[in-house]
Enquirer: 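Pasting a structure below so you can have a look.
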There are 2 protein chains.
Amino acid sequence: MARPTMEDVARRAGVSRALVSLVMRGSPKVSAQRRDAVLAAAEELGYSPHAMARSLASRTSTVLGVMVSDLHNAFFAEVVDGLEAVAAAEGFDLIINTGGRSAARERRAVTSLLSFRPAGLALLGPVVPTSTIASAAGQVPVVLVARSCRLAEVDMVNDDGEAGSRIAVDHLVSLGHNRITHLDGGAGSQSALRRRGYVDGMRAHGLNPDVVASEYTDVAGAKVVSQLLERGLDELPTALVAANDFNAVGAISALEEAGLRVPDDISVIGYDNTSLAGLRHVSLTTVDQPRHEMGRLAGEALLQRVRGERTDAARHLLHPSLVVRTTTAGPRTRRKLT
Amino acid sequence: MARPTMEDVARRAGVSRALVSLVMRGSPKVSAQRRDAVLAAAEELGYSPHAMARSLASRTSTVLGVMVSDLHNAFFAEVVDGLEAVAAAEGFDLIINTGGRSAARERRAVTSLLSFRPAGLALLGPVVPTSTIASAAGQVPVVLVARSCRLAEVDMVNDDGEAGSRIAVDHLVSLGHNRITHLDGGAGSQSALRRRGYVDGMRAHGLNPDVVASEYTDVAGAKVVSQLLERGLDELPTALVAANDFNAVGAISALEEAGLRVPDDISVIGYDNTSLAGLRHVSLTTVDQPRHEMGRLAGEALLQRVRGERTDAARHLLHPSLVVRTTTAGPRTRRKLT
DNA sequence: TCTATTGGTTGGAGCGCTCTAATGCTGTAG
DNA sequence: CTACAGCATTAGAGCGCTCCAACCAATAGA
């Protein structure tokens with residue numbers, strides 16, 4: 001298992017180690033015949049360069065550190081996917097750690113990543129305090145995804161949750177709705193943004209905002225609908241802006257169980273455009289976050305810094321887009337129900 | 001940004017570099033006072049060891065290479081999650097590449113991973129030919145997840161798709177069904193296994209297998225149900241073993257659109273236990289694959305090899321389990337429908 | 001003919017660390 | 001008082017590579 005080194009290849013090809021190094025790095029200042037000899041020798045020995053030795057000697061790195069707060073979460077998995085795509089295209093490799101949504105574990109993960117002296121560090125949805133981010137940013141370019149902070153030296157990629165909610169409201173208003181309720185996702189910066197977007201959107205249309213507390217689950221969506229139904233049918237809004245897709249699906253099933261039809265009796269709109277929303281059985285109108293794109297941008301931000309193409313902080317606020325399916329329609333005079 | 005080295009710490013603490021090295025590796029043969037001095041100096045300088053230099057000098061590695069055929073896929077994301085958990089617990093880091101389900105790209109990804117001289121390599125759902133796997137296995141311990149091959153020197157972790165289907169059939173038979181149709185997932189080793197399990201299961205119960213071609217999507221599930229309905233209502237089976245959860249959901253919605261009720265008129269069972277299946281609106285009876293566990297086992301297999309605890313190949317065949325929800329029930333005399 | 005110039009090639013130092021063998025320093029036995 | 005452990009500590013070589021400066025033709029310009 002003792003793998004061949006550059007020295008071995010050099011000996012076999014009858015050249016110096018430095019020449020092999022040049023060939024391996026694709027230098028143009030090598031004669032064709034020597035190059036072929038080296039390549040042949042490398043092939044015969046099954047040689048491939050030692051990335052860590054290279055990194056040490058060249059004082060450069062071709063790895064990007066990625067700290068994912070929760071890889072289990074499909075959102076982050078897709079961001080990583082996008083990140084990986086740009087990284088691979090530029091010859092970079094990803095080294096990944098997860099933090100399990102615990103600040104202590106995230107700290108350790110970041111330390112571990114930094115010990116590899118990566119060219120850059122991406123933090124996806126980190127929960128660590130700003131000070132930790134700042135100290136990392138002092139050592140290496142850092143990009144934050146799904147998390148904002150006031151540090152001048154870190155890049156950021158976020159989706160505009162406020163705009164997303166507003167898009168949802170605009171869509172419903174344009175369909176003719178004016179009694180629209182928002183199911184709030186609870187604690188967390190995303191929920192707050194989405195709520196704000198909803199409230200502002202409603203006000204902009206001269207409508208009264210109506211926010212009810214819920215959570216990012218289908219069970220919570222169903223529960224809050226039951227509460228809404230207790231208000232009485234006449235009090236029921238004509239449209240719902242749910243906290244996310246799961247929440248929306250829960251709400252829909254509760255509505256249908258109560259004998260209401262979506263979108264005939266009430267429109268529902270989700271958030272995230274998860275694979276769930278696209279199912280024909282569900283066919284949920286929802287707000288799409290460009291997750292893959294977010295990963296791509298994060299990767300590019302890092303690589304720009306690495307290449308020294310940019311020194312000022314990048315602040316990407318991605319515009320979500322509406323995906324209209326079949327859970328929204330114009331309001332009708334509600335049928336009489338028992 | 002010039003980070004401090006061991007030399008800097010040594011100078012500051014008034015000791016030799018070798019002593020700092022011992023402290024950093026937690027050696028017991030260092031006096032308490034020197035240790036404290038070193039630790040203090042390291043703290044003051046913000047020093048942390050250089051993992052790559054360490055790896056080079058010690059000729060050991062603390063990274064595991066992971067090639068994911070498709071990180072976008074929730075299945076693999078969860079496997080990676082499990083892998084990461086064991087790796088982190090043992091002080092290993094993950095370096096990840098994706099192959100995008102292309103043999104050529106996977107080959108490149110593996111080469112890139114091997115250039116880091118990882119302690120082990122995990123290939124998740126690779127599509128590369130066996131020869132590529134073999135050559136990697138010649139350099140480093142390799143574990144295969146969701147892919148089997150005949151190589152003696154590689155570890156494997158697979159779920160028993162055959163057993164999974166059989167469990168599904170057993171469940172339906174125990175409910176009293178005897179006309180059970182399988183929706184086949186098409187090409188791919190998993191489909192073949194699931195189909196075989198279904199066929200064998202049916203035969204074991206003295207029943208006639210009925211396999212119809214479909215795909216791993218909800219659209220395909222709906223389509224195949226339409227075809228089934230054309231056979232005529234009397235020909236319709238009393239239960240369906242779908243290719244996977246998406247396929248099952250598509251089938252269910254087509255059935256409901258045709259005026260049939262699930263599970264009253266027909267039972268449906270999925271495969272994978274995706275987050276979708278757990279939604280109360282869907283509440284799909286399905287076969288669960290222990291994805292996280294598979295990642296855990298893969299990581300452990302690798303680490304056992306790395307530590308030299310085992311030299312013979314590990315062959316983990318994980319037993320899937322049934323998750324009974326509300327899309328299966330005993331067959332009833334079918335209501336007369338128009 | 002003698003320098004420049006150019007393009008290909010090489011020796012050797014050094015990246016930040018580990019590891020072996022040797023060193024100095026006690027303390028205790030001979 | 002010397003000898004010998006036994007322990008903490010250190011010098012120095014070396015991991016596999018890159019990079020710089022030096023080198024050596026071979027050609028071009030004067």
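Note on naming: letters A, B, ... go to the chains in the order of the sequence lines (proteins, then strands), and numbering restarts at 1 for each one.
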Enquirer: Is any N or O donor-acceptor pair between the side chain of R17(A) and the base of dT9(C) shorter than 3.5 Å?
Expert: no

Enquirer: Which nucleotide wins on minimum distance to the side chain of R25(A), given the candidates dC19(D), dC17(D), dT9(D)?
Expert: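 Ranking dC19(D), dC17(D), dT9(D) by closest atom to the R25(A) side chain puts dC19(D) first.
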
Enquirer: Where the side chain of H50(A) is defined as all heavy atoms beyond and including C-beta, which of dC17(D), dT18(C), dT9(C) is the nearest nucleotide?
Expert: dC17(D)

Enquirer: Is the count of non-hydrogen atoms from other residues, nucleotides or ligands lying under 6.0 Å from E43(A) atom CD greater than 12?
Expert: no

Enquirer: Over how many whole Å does the gap from F116(A) atom CZ to dG16(C) atom P extend?
Expert: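 Whole-Å distance recorded here is 17 Å.
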
Enquirer: Among dC19(C), dT9(D), dC17(D), which is the nearest nucleotide to the side chain of S58(B)?
Expert: dC19(C)

Enquirer: Taking only Lys NZ, Arg NE, NH1 and NH2, and the carboxylate oxygens of Asp or Glu, determine whether D155(B) and R305(B) approach each other closer than 4.0 Å.
Expert: yes

Enquirer: Using OP1 and OP2 only, check whether a side-chain N or O of T5(A) sits under 4.0 Å from dG16(D).
Expert: no

Enquirer: Using a 4.0 Å heavy-atom cut-off, does R34(A) contact any base of the nucleic acid, only the sugar-phosphate backbone, or nothing at all?
Expert: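 Touches sugar-phosphate only.
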
Enquirer: Looking only at side-chain atoms of A53(B), point me to the closest of dC17(D), dT10(D), dC17(C).
Expert: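 The nucleotide sitting nearest to the side chain is dC17(C).
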
Enquirer: What is the distance, rounded to the nearest whole Å, between atom CG of L22(A) and atom P of dG16(D)?
Expert: 20 Å

Enquirer: Under 4.0 Å between a side-chain N or O of S21(B) and OP1 or OP2 of dT18(C)?
Expert: yes

Enquirer: Pick the nucleotide of DNA chain D nearest each of V15(B) and R117(B); which residue has the one closer to the 5' end?
Expert: V15(B)

Enquirer: With a cut-off of 6.0 Å (strictly less than), are more than 12 heavy atoms of other residues, nucleotides or ligands near NE2 of H50(A)?
Expert: yes

Enquirer: Side-chain N or O of S55(A) versus OP1/OP2 of dC17(D): is the shortest distance under 4.0 Å?
Expert: no

Enquirer: In whole angstroms, how far is the C1' atom of dG16(C) from the CE atom of M24(B)?
Expert: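 One finds 13 Å between C1' of dG16(C) and CE of M24(B), rounded.
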
Enquirer: So, D93(A) and S112(B): side-chain donor and acceptor under 3.5 Å apart, yes or no?
Expert: yes

Enquirer: Starting the side chain at C-beta, find the nucleotide from dG16(C), dT10(C), dG12(D) nearest to A18(B).
Expert: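 The listed nucleotide nearest to A18(B)'s side chain is dG12(D).
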
Enquirer: Quick one: which of dG12(D), dT9(D), dC17(D) gets closest to the side chain of K29(B)?
Expert: dT9(D)

Enquirer: Below 4.0 angstrom from OP1 or OP2 of dT18(D), is there any side-chain N or O of R54(A)?
Expert: yes

Enquirer: Which nucleotide in the set dG12(C), dT9(C), dG16(D) lies at the smallest distance from any side-chain heavy atom of A57(A)?
Expert: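 The nucleotide sitting nearest to the side chain is dG16(D).
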
Enquirer: It should be established whether S31(A) places a side-chain nitrogen or oxygen under 4.0 Å from OP1 or OP2 of nucleotide dG8(C).
Expert: no

Enquirer: For R59(A) and dC19(D), give me the distance from atom CZ to atom C1', rounded to whole Å.
Expert: 8 Å

Enquirer: Looking only at the side chain of Y47(A) (C-beta and beyond, no hydrogens), which of the listed nucleotides dT10(C), dC17(D), dT18(D) gets closest?
Expert: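 That would be dC17(D).
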
Enquirer: Indicate yes or no: does E90(B) engage R307(B) in a salt bridge with an N to O separation below 4.0 Å.
Expert: yes

Enquirer: Starting at atom CG of L45(A), determine the distance to atom P of dG16(D), rounded to an integer number of angstrom.
Expert: 14 Å

Enquirer: Rounded off to whole Å, could you give me the CG-to-C1' distance for the L19(B) and dG12(D) pair?
Expert: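 Taking atom C1' of dG12(D) as the reference, CG of L19(B) is at 16 Å.
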
Enquirer: Where the side chain of L56(A) is concerned, which of dC15(C), dT18(D), dT10(C) is the nearest nucleotide?
Expert: dC15(C)

Enquirer: Would a distance-only check, ignoring hydrogens and angles, find a side-chain to backbone donor-acceptor pair under 3.5 Å from T98(A) to V68(A)?
Expert: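 Looks like no, no N/O pair under 3.5 Å.
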
Enquirer: Between dC15(C) atom C1' and R3(B) atom CZ, what is the distance in whole Å?
Expert: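 Distance check: R3(B) CZ to dC15(C) C1' gives 15 Å.
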
